[in-house]
Amino acid sequence: MEELTYYYPRRREPALFNVNLEIEIGEFVLITGPSGGGKSTFCRCLNGLVPNFYGGKLSGRVNVMGKDVASSSTSELSQYVGMVFQNPEDQITRMSVEAEMAFGLENLGVEREEISRRIQEVAELLGISHLLKRPVETLSSGQQQKVAIGSVLVMRPKILVLDEPTSELDPKSAGDLIDLIVWLNRELGMTVIIVEHRLNFILDKVDRIVIINGGRVLVDGNPQEVLRSGEVGRLGVSLPKVVQLYHMLAEMGLTLRTVPLSVEDLENELRGASKWAR
């Protein structure tokens, strides 16, 4: 993205303003920040919903895998970018799981045998083969989210964009989903861009954190750089307890070598600190 500014129709204030951001192939990027700050609009720019579906006024440039978003159709971009929305019900349109997963491929004119092969392949990967004949409405929120992801993965996108995918899930389901996303990134090399507020599930998994608020990119860096700054907590980001404790200890005069991104990290750091004190 270069100098990206975007106004929704009939809005005087931009949803995004002067955004400059480059994401490398294979990166795992966390987008976070206060609600209403422009994160979802940022995601919609990547798959062409902005401006092709929402309309409005866009200036600057958005380039995805060599495609200019403003001059490319959403069907063209769907071959490169797969997007999973916060609420799976917002994107599920068919009655059965199998029909939902086939929908995008049918629209692209993929042959029936190839569609069936891809559906079986992805369903096994997600552990939902037993659900293929089930009506979507009979599934749990976690199962529906997997179906939404499956309908994206059968398209074989290079980039997976997820807008708060764990918001409707219990902690166990959320953890399982994040593990799956990590696997897609690390084992399949898929570029992952995820909007998330529940940072405790994901901080130790990502390569980079981008904080967006007021339509602007306020912070962009690796997790250690971003979280070491005391400014982060004042940007409206709800920090996990382990990171809050890091800053509390620093105020008390005990500075750990690295910012703990998980409970295990914190335990290791505290053990190390007790050795230094001897």
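No experiment lies behind these values; they were computed from the predicted model shown.
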Pairwise distance [atom1]([X]) to [atom2]([Y]) - rounded to 0.5 angstrom:
X    : Y    : atom1 : atom2 : value
L169 : R198 : CG    : CZ    : 7.0 Å
L58  : Y6   : CG    : OH    : 7.5 Å
M101 : Q120 : CE    : CD    : 8.5 Å
E27  : E22  : CD    : CD    : 9.0 Å
L160 : I193 : CG    : CD1   : 9.0 Å
L249 : Q244 : CG    : CD    : 12.0 Å

Restricting to non-hydrogen atoms, name the atom on L21 and the atom on D220 that form the minimum distance, rounded to 0.1 Å.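 Scanning both residues completely, I find the closest heavy atoms to be CD1-OD2, 3.3 Å.
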State whether the side chain of [X] and the backbone N or O of [Y] hold a donor-acceptor pair below 3.5 Å, judged by distance alone.
X    : Y    : answer
T138 : P135 : yes
Q144 : V136 : yes
K39  : P34  : yes
N18  : R216 : no
D207 : V29  : no

Just checking, any donor-acceptor pair under 3.5 angstrom between side chains of Y8 and T41?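 Indeed, the side chains of Y8 and T41 share at least one donor-acceptor pair under 3.5 Å.
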R118 vs E114, test: salt bridge (charged side-chain N to carboxylate O under 4.0 Å, His left out). Steps then yes/no. CA-CA 6 Å; R118 290 197 196 183; E114 175 65 10; 2.9 Å; yes
Honestly curious: do [X] and [Y] fall in one hydrophobic cluster under the side-chain, below-4.5 Å linking rule?
X    : Y    : answer
L180 : M155 : yes
V161 : I178 : no
L153 : L46  : no
I181 : M83  : no

Residue of the set N222, L227, V219 for which side-chain contact (heavy atoms from CB on, under 4.5 Å) holds with I209: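 Of N222, L227, V219, side-chain contact (heavy atoms from CB on, under 4.5 Å) with I209 is met by L227 alone.
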Audit row: E3, R61, salt bridge (charged side-chain N to carboxylate O under 4.0 Å, His left out) steps and yes/no: CA-CA 7 Å; E3 307 294 329; R61 185 166 176 265; over 6 Å; no
Which side-chain hydrogen bond (donor to acceptor under 3.5 Å, both in side chains) pairs, counting each pair once, include a residue from residues 147-167, with sequence neighbours left out?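 Checked against side-chain hydrogen bond (donor to acceptor under 3.5 Å, both in side chains) - neighbours excluded - the pairs reaching residues 147-167 are S40-D163, Q86-S167, T166-E196.
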Do P165 and I194 make a side-chain contact, defined as non-hydrogen atoms from C-beta onward lying under 4.5 Å apart?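 Yes - at least one pair of side-chain heavy atoms lies under 4.5 Å apart.
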